[in-house]
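Hydrogens, waters and symmetry mates are skipped; everything else that's a heavy atom, side chains included, is used. Every chain is numbered from 1 and lettered A, B, ... according to where its sequence line falls, protein lines coming before strand lines.
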Number of protein chains: 2
Amino acid sequence: MQLDPEMFDPVCPSGALPFRIGDKWTAMIVLCLENGPARFTELRVPLKRISPKVLTETLKAMERDGLVTRTAFDENPPRVEYELTALGRSLLALIGAVREWSSAHLADLLAHRERSPLSHRPGESRLAAP
Amino acid sequence: MQLDPEMFDPVCPSGALPFRIGDKWTAMIVLCLENGPARFTELRVPLKRISPKVLTETLKAMERDGLVTRTAFDENPPRVEYELTALGRSLLALIGAVREWSSAHLADLLAHRERSPLSHRPGESRLAAP
DNA sequence: CGGAATCCTCTTCGATACTG
DNA sequence: CAGTATCGAAGAGGATTCCG
């Protein structure tokens with residue numbers, strides 16, 4: 001599994017989306033695993049700015065919920081692979097639906113926000129990007 | 001517009017959903033407005049536990065993003081109505097998709113979480129219900 | 001009635017450093 | 001390589017009180 005380091009647009013306004021799949025990273029991880037298992041460090045590549053702590057937490061939560069499986073190989077150096085379960089795979093359709101909504105309506109939402117005289121504080125950006 | 005005070009199941013595990021539409025209340029507000037405009041206080045009924053501060057914030061954010069319109073009538077006592085825009089209405093299909101996913105898979109996710117030996121800490125519940 | 005103003009807590013996220 | 005351990009900042013969400 002080779003993951004494209006550029007698979008996520010760094011200026012993608014997904015942070016402004018009125019949706020979240022799980023926490024901040026879950027949807028992206030599901031997408032990363034769509035075409036097969038990946039290793040911890042491989043996931044860190046397209047997820048450029050994720051810290052190991054947060055990646056660990058997110059993967060553990062996903063494993064706990066039955067979205068991914070974790071397989072540790074007894075080798076040296078160690079190797080661990082994460083793979084989508086059927087349940088995790090079932091999220092793909094929904095993520096697709098969110099993406100379709102976004103391509104159809106997100107620009108509209110963003111334009112409206114831009115023009116709005118309403119204060120952006122407090123709360124500033126709700127789900128805004130960093 | 002009469003809103004059913006019981007329209008949201010108080011023990012609904014929606015807090016455990018791996019999705020969020022906007023912030024915690026946005027999706028419920030969209031649902032509340034599905035069949036026509038409603039007043040501030042009317043919204044507080046089905047949204048039982050929401051504080052006025054949070055409802056105000058959420059509605060302002062939604063207005064800013066073009067999801068709802070706010071109409072203040074110059075009467076006494078004052079009356080304000082919130083209504084879905086076309087953009088806000090476009091969320092209904094997505095909310096429907098999330099609901100379908102939930103009825104098909106949420107029990108599975110919850111059961112897996114229940115059986116999982118993985119610690120629920122730290123982070124405890126990600127998107128857990130109150 | 002429809003908020004605004006305050007104050008506070010809990011969770012999320014991140015940076016950094018270290019380890020089997 | 002695949003994490004763990006700490007620390008810290010920020011924001012969402014809530015409780016309560018007050019106001020035109």
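For the pair B/Leu59 CG and D/dA12 P, the computed distance is 16 Å after rounding to whole Å. In this entry the distance linking CG of B/Leu47 with P of D/dA15 reads 13 Å, nearest Å. Taking atom CD of residue B/Glu81 and atom P of nucleotide C/dG2, one finds them 9 Å apart after rounding to whole Å. Look at CE on B/Met62: it is 16 Å from P on D/dA12, rounded to the nearest Å. Straight-line distance from the CD atom of A/Glu57 to the P atom of C/dA15: 13 Å, rounded to whole Å. In this structure, the CG atom of B/Leu55 is 16 Å from the P atom of D/dA12, given to the nearest Å. The interatomic distance linking B/Arg79 (CZ) with C/dC1 (P) rounds to 13 Å, in whole Å. Protein atom CD of A/Glu42 is 16 Å distant from nucleotide atom C1' of D/dG3, rounded to whole Å.
Here B/Glu42 does not pair with B/Arg44 in a salt bridge; the nearest charged N to carboxylate O distance is not below 4.0 Å.
Between A/Arg39 and D/dG3 there is no side-chain polar atom (N or O) within less than 4.0 angstrom of OP1 or OP2. Within the structure, every side-chain polar atom (N or O) of A/Tyr82 is placed at least 4.0 Å from both OP1 and OP2 of D/dC1. Applying the 4.0 Å criterion to OP1 and OP2 of C/dG3, one finds that B/Lys60 has every side-chain N and O outside that range. Side-chain N/O atoms of B/Arg20 include one lying less than 4.0 angstrom from OP1 or OP2 on D/dG13. A sub-4.0 Å separation between OP1 or OP2 of D/dA15 and a side-chain N or O of B/Ser51 is absent. Residue A/Lys53 has no polar side-chain atom (N or O) positioned under 4.0 Å from OP1 or OP2 of C/dT12.
With distances taken from any side-chain atom of B/Thr41 to the nucleotides C/dC1, C/dG3, D/dG13, the minimum falls on C/dC1. For B/Phe40, counting side-chain heavy atoms from C-beta on, the closest listed nucleotide (D/dA2, C/dG2, C/dC13) is C/dG2. Checking C/dG20, D/dT4, C/dC13 against every side-chain atom of A/Pro52, the shortest atom distance belongs to D/dT4.
Hydrophobic clustering of Ile, Leu, Val, Met, Phe, Trp and Tyr side chains at less than 4.5 Å, counting indirect connections, keeps B/Ile50 apart from B/Val45.
Residues in residues 83-102 of chain A take part in these side chain to side chain donor-acceptor pair (under 3.5 Å) pairs, two or more places apart or across chains: A/Ser90-B/Trp101, A/Trp101-B/Ser90.
Between A/Val54 and B/Arg44, the residue anchored closer to the 5' end of DNA chain C is B/Arg44, taking for each the nucleotide with the nearest heavy atom.
Judged purely by atom type and a 3.5 angstrom limit, B/Asp65 has no side-chain atom pairing as donor or acceptor with the backbone of B/Leu67.
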Exercise. Evaluate the side-chain contact (heavy atoms from CB on, under 4.5 Å) criterion for residues A/Arg79 and A/Arg39: first the C-alpha distance (whole Å), next the side-chain angles of each, then the deciding distance (0.1 Å), finally the verdict.
Key: CA-CA 7 Å; A/Arg79 184 163 60 100; A/Arg39 305 173 61 168; 3.4 Å; yes
